[in-house]
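Just the heavy atoms: all of them, side chains too, but no hydrogens, waters or symmetry mates, feed the values below. Order of the sequence lines sets the chain letters (A, B, ...), proteins ahead of strands, with each chain counted from 1.
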Amino acid sequence: MTGFERFAESFFNPTLIGRYWPEIVSGMLITVEIALAVVATGIMLGFGLACVRSYRVLPLNAFIVVFVDVFRALPPLVLILILYFGLPNIGLNLSAFTVLWLVLSLVLAAFAEEILWAGILSVRKGQWDAARSTGLGFGQTLVSVILPQAVRLAIPPLTNRTIAITKNTALGSVIGVSEVIYQAQSAVSFSGNATPLMMAAIGYLLIFAPVVALGSFIERRFAWRRA
Amino acid sequence: MQLSVAQGAGAVRVSPILQVRGLTKRFGPLEVLKGIDFAVAPQELVFVIGPSGSGKSTLLRCCNRLEDADSGSILLDGVELMDPKCDLNAMRRRIGMVFQSFNLYPHLTVLGNVTLAMRKVLGKSRREADEIGLAALDRVGLADKAAAYPAALSGGQQQRVAIARALCLNPKVMLFDEPTSALDPELVGSVLAVMRDLREAGMTMVVVSHEMRFAREAADRIVFMEAGCIVEEGPPEQIFSAPANARTRAFVAEIAR
């Protein structure tokens with residue numbers, strides 16, 4: 001057996017591909033499902049927090065800053081393990097799917113808040129002056145003048161961060177969420193061959209390459225220059 | 001309070017549209033406004049001049065409460081703006097403001113810039129707002145730029161759009177905060193021409209600016225500020241040719257060089 005044949009045998013074994021693709025595809029669907037749920041709730045919550053923060057109510061902002069710092073500092077795996085194995089002790093049983101979704105949403109929310117907040121701060125103060133001087137209220141100014149500019153600034157870092165965090169859906173394999181890595185790992189232990197993991201890797205490419213493309217499309221879509 | 005618009009014999013006495021009394025403002029230890037008394041009659045063009053840091057811009061920004069004064073009174077058309085119960089958003093619609101850095105909204109077209117407040121604040125329909133907005137743009141000579149984005153305009157054009165944006169709300173008073181300071185010299189004229197038209201149409205204006213030639217030719221009254229106080233005020237001939245105060249004289253001599 002040549003080196004190449006051994007390589008192909010270990011990573012691209014056609015028999016195993018044929019046998020395990022339904023599991024890998026069902027894992028991919030679960031991954032996409034969690035990823036979409038995490039992106040939706042995480043970004044919405046993060047944007048909500050950034051908007052609340054711009055009202056500069058001291059106790060609220062203190063809470064937001066602590067929340068953001070904690071969830072940015074802790075590895076998501078730690079939070080996932082604590083919630084999944086710890087909460088049942090106080091009588092709260094969350095499904096593995098729920099725990100994974102909740103933790104990743106909160107982590108994404110923390111980063112999204114920081115990114116959008118930075119965007120809000122970098123809109124020049126004159127924009128607030130101009131809008132307020134024409135009688136727009138604080139909320140109207142935020143929604144019609146500041147956020148459109150802040151979001152545009154936030155899109156490139158937010159795309160990166162969103163991809164980085166949604167890839168953490170792989171951590172679900174640790175608590176038994178049947179996403180793509182979980183499926184691949186069990187296939188590996190049955191077959192004793194790395195092919196299913198390679199299939200999972202290709203699965204991730206199929207899922208995330210379009211997301212990267214979407215991110216740069218949105219960047220171009222909002223490509224008005226700053227005056 | 002009554003105030004004389006034209007100085008000397010035959011002065012017309014009318015009640016002011018904007019009246020500031022005892023206005024003070026400090027930024028930390030720095031006393032920026034030390035009790036300013038100041039009034040503007042309807043249709044008057046008042047020029048505020050003075051060295052940088054004298055409090056001119058702060059005074060202007062206090063007049064629509066973009067900056068909160070510490071104490072004093074600001075009456076616009078009889079309404080006290082310093083009253084905590086005052087509906088500031090409603091009052092600000094009646095005070096147009098034009099900024100040194102234009103502050104157009106970069107994500108909106110020129111027409112979007114001038115119509116935003118009409119639609120969000122006055123609740124006008126898009127069609128009605130567009131009609132008024134186009135008329136205002138026409139007034140500043142930029143109706144053909146309605147669909148352009150601010151970044152595609154020259155500084156002078158941007159500033160004229162900013163003037164149109166303020167005009168759309170039909171303000172009682174227009175405040176100009178160094179409207180030509182950020183412009184290349186060859187673009188200043190177009191903005192001053194629009195301001196001259198406004199004056200001829202009877203707009204009440206308070207202008208902080210270093211355009212002394214324009215001040216001399218167009219202003220009804222010059223207010224000279226220094227170190228948070230109004231040192232001297234009077235018609236342009238008096239301030240520029242025969243200032244009573246030594247500090248006014250020094251400042252006028254300095255800028256004339």
When you measure from the side chain of B/N103 to the backbone N and O of A/A130, does any donor-acceptor pair fall under 3.5 Å?
no
Is there a donor-acceptor contact under 3.5 Å from the side chain of B/H107 to the main chain of A/S144?
yes
Determine whether more than 12 heavy atoms belonging to other residues, nucleotides or ligands lie under 6.0 Å from atom [atom1] of [X].
X: B/E131; atom1: CD; result: no
X: A/R72; atom1: CZ; result: yes
X: A/F138; atom1: CZ; result: yes
X: A/L92; atom1: CG; result: yes
X: A/Y182; atom1: OH; result: no

Under 4.5 Å, heavy atom to heavy atom: which of residues 55-66 of chain B reach chain A? Give them by number, or say none.
B/R61, B/N64, B/L66
Heavy atoms under 4.5 Å from chain A: which residues of residues 109-118 of chain B carry them?
B/L116, B/A117
Answer whether the closest heavy-atom distance between the side chains of B/R92 and A/S133 falls below 4.5 Å.
no
Over all atoms of both residues, closest heavy-atom pair of A/R132 and B/N89
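Smallest interatomic distance, heavy atoms only, reads NH2-OD1, 3.6 Å.
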Partners passing salt bridge (charged side-chain N to carboxylate O under 4.0 Å, His left out) against A/E113 (at least two apart in sequence or in another chain):
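Salt bridge (charged side-chain N to carboxylate O under 4.0 Å, His left out) check on A/E113 returns A/R53.
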Measuring from atom OG1 of A/T141 to atom OH of B/Y105, what distance do you get when rounded to the nearest 0.5 angstrom?
7.0 Å
Atom CZ of B/R119 and atom CG of A/L136: how far apart are they, to the nearest 0.5 Å?
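Result: 11.0 Å between the selected atoms.
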Please name the residue in the list A/R152, A/R124, A/Q149 that meets the side chain to side chain contact (heavy atoms under 4.5 Å, CB included) test with B/P106.
A/Q149
Where on A/Q140 is there a heavy atom nearer than 4.5 Å to chain B: the side chain, the backbone, both, or neither?
side chain
Side chain to side chain donor-acceptor pair (under 3.5 Å) partners of A/S216, counting only residues at least two apart:
none
Start with the C-alpha distance between B/L169 and A/T134, add both sets of side-chain angles, then the distance that settles side-chain contact (heavy atoms from CB on, under 4.5 Å), and finish with yes or no.
CA-CA 8 Å; B/L169 297 169; A/T134 55; 3.6 Å; yes
